[in-house]
2 protein chains.
Amino acid sequence: MLSKKTKYGIKALTYLARQENKTPVSIATISESENISLKFLESILLTLRKNGLLGSKKGKGGGYYLLKESNEIQMTAVMRILEGPISMIPCVSLNFYEKCDDCPDENACAVHKLMAQVRDSSLEIFRNTTLAELCNC
Amino acid sequence: MLSKKTKYGIKALTYLARQENKTPVSIATISESENISLKFLESILLTLRKNGLLGSKKGKGGGYYLLKESNEIQMTAVMRILEGPISMIPCVSLNFYEKCDDCPDENACAVHKLMAQVRDSSLEIFRNTTLAELCNC
DNA sequence: CTAAAGCCTATAGAATTAGTAGATTAATAA
DNA sequence: TTATTAATCTACTAATTCTATAGGCTTTAG
């Protein structure tokens, strides 16, 4: 299941990507437009800023803005920051690899084999999709 | 994330699929071979039986066995029984559809667009993979 | 009859999710 | 300078899900 955190994060990012100029947008504005709890959104945007996707400006007229062009932001980055690993299981993860306790041989494991395929196909989609493409809805 | 329930379930199913004949295999045997907690596995096999994938025999010499040939068991069925929806979000689910509260228009939603692609690719993999193929590891 | 094995219900600890609350800091405008 | 706006940060909590565990019941083979 996709967490609400990721869902809201993607919505907020596309909202920012749809802005003509790079002037900051306040959390409250995004929260109202996208029907997201203000305080929850606050923490989501903070993680996106700490991970280098967003910039922020405090005080009056402040808010959040994209640090890169929307066509330069791959969904792999967004997903890894908000949702964590792309893989459904750590033993096939490229960035978050972990061995399974119960599994004596990964190469002989049915789950490993299946989930590696799923990871590959998901990865391809997230890599080939940028924020810009998701805005043209 | 893939639940341990699903992981163990797939392992148990492939174990059964690797049997030469259709004589029942006890939970204890599978539990020991695959390093799965006996009682947890018990509940998993029970759900698989209740959902028509496994048959069982009680009493001495009893156990579980596949009801169909392993090449006739698609991973879509296994995943839906053990893990639930293939989709990462209910608004793109074919079998478990649900509207999002916050979303005024699905067709204009970035999350919907992205997750529909992921669902399609995962679905294709699960549909084109049978238990039989996962045994040849 | 007895041992083996599945069936069924209930429970419980841990982890994760989805928020809330409230105080603090920084920037801007009057 | 002061008031206002808006992000920052820490801490907490309620609900849900996950990963089991416990224990009694029922069925079957020998």
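Keep in mind that the numbers below use all heavy atoms, side chains included, and drop hydrogens, waters and symmetry copies. Below, read A as the first sequence line, B as the second, and so on, with proteins coming before strands; counting in each chain starts at 1.
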J.: Atom CG of L54(A) to atom C1' of dA6(D): distance rounded to whole Å?
T.: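 For the pair L54(A) CG and dA6(D) C1', the rounded distance is 15 Å.
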J.: Nearest whole Å is fine: how far is dG6(C) P from L48(B) CG?
T.: 14 Å
J.: Looking at K5(B) and E42(B), is any side-chain nitrogen of the basic one under 4.0 Å from a carboxylate oxygen of the acidic one?
T.: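 No, E42(B) and K5(B) are not salt-bridged.
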J.: Against L53(B), only a single residue in L16(B), I73(B), L67(B) fulfils side chain to side chain contact (heavy atoms under 4.5 Å, CB included); can you say which?
T.: I73(B)
J.: Checking Y8(A) now: which residues fulfil ring-ring contact (aromatic ring centres under 6.0 Å, His included) with it, not counting sequence neighbours?
T.: F40(A)
J.: Check D102(B) with K11(A), please: is the shortest side-chain N to carboxylate O separation under 4.0 Å?
T.: yes
J.: Tell me whether the side-chain N/O atoms of R49(B) come closer than 4.0 Å to OP1 or OP2 in dA5(C).
T.: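 No, outside the criterion.
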J.: Answer yes when E83(A) and K7(A) have at least one side-chain N-carboxylate O distance shorter than 4.0 Å, and no when they do not.
T.: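 A salt bridge is absent here (no side-chain N lies under 4.0 Å from a carboxylate O).
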J.: Using every non-hydrogen atom in the two residues, find where S31(B) and L41(B) come nearest and quote the distance to one decimal.
T.: N-CD2, 3.6 Å
J.: Return the value, rounded to whole Å, for the distance between atom CD1 of I44(A) and atom C1' of dT20(C).
T.: 14 Å
J.: Just how far, in rounded Å, is P of dT5(D) from OH of Y64(A)?
T.: 19 Å
J.: Check DNA chain C against residues 89-96 of chain B and give the residues with a non-hydrogen atom under 4.0 Å, in numerical order.
T.: none
J.: What's the CG-P distance between L82(A) and dT16(C), to the nearest Å?
T.: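 So the CG-P distance, L82(A) to dT16(C), works out to 17 Å.
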J.: How large an angle, rounded to 10°, do the end axes of the helix from dC1(C)-dG30(D) to dA30(C)-dT1(D) enclose when each is built from five base pairs?
T.: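 The end-segment axes of the helix from dC1(C)-dG30(D) to dA30(C)-dT1(D) are tilted 10° relative to each other.
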J.: Can you find a heavy atom in the side chain of L54(B) that is under 4.5 Å from one in the side chain of Y65(B)?
T.: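 A side-chain contact under 4.5 Å is absent here.
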J.: Using a heavy-atom cut-off of under 4.0 Å over every strand shown, decide if K7(A) touches base, sugar-phosphate, or nothing.
T.: nothing
J.: Check DNA chain C against residues 16-29 of chain A and give the residues with a non-hydrogen atom under 4.0 Å, in numerical order.
T.: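 Correct list: empty, so none.
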J.: What verdict does the side-chain contact (heavy atoms from CB on, under 4.5 Å) test give for F96(A) and S87(A), after you've listed the backbone C-alpha separation in whole Å, the side-chain angles of each residue and the deciding distance to 0.1 Å?
T.: CA-CA 9 Å; F96(A) 302 81; S87(A) 310; over 6 Å; no
J.: Taking only residues two or more places apart in sequence, or in another chain, which ones meet K58(B) in a salt bridge (charged side-chain N to carboxylate O under 4.0 Å, His left out)?
T.: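 In terms of salt bridge (charged side-chain N to carboxylate O under 4.0 Å, His left out), with neighbours along the sequence ignored, K58(B) is linked to no residue.
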J.: Using a 4.0 Å cut-off on protein heavy atoms (strictly under), produce a 5'-to-3' string for nucleotides 15-28 of chain D with B for base contact, S for backbone-only sugar-phosphate contact, and - for none.
T.: ----SBBBB---BB
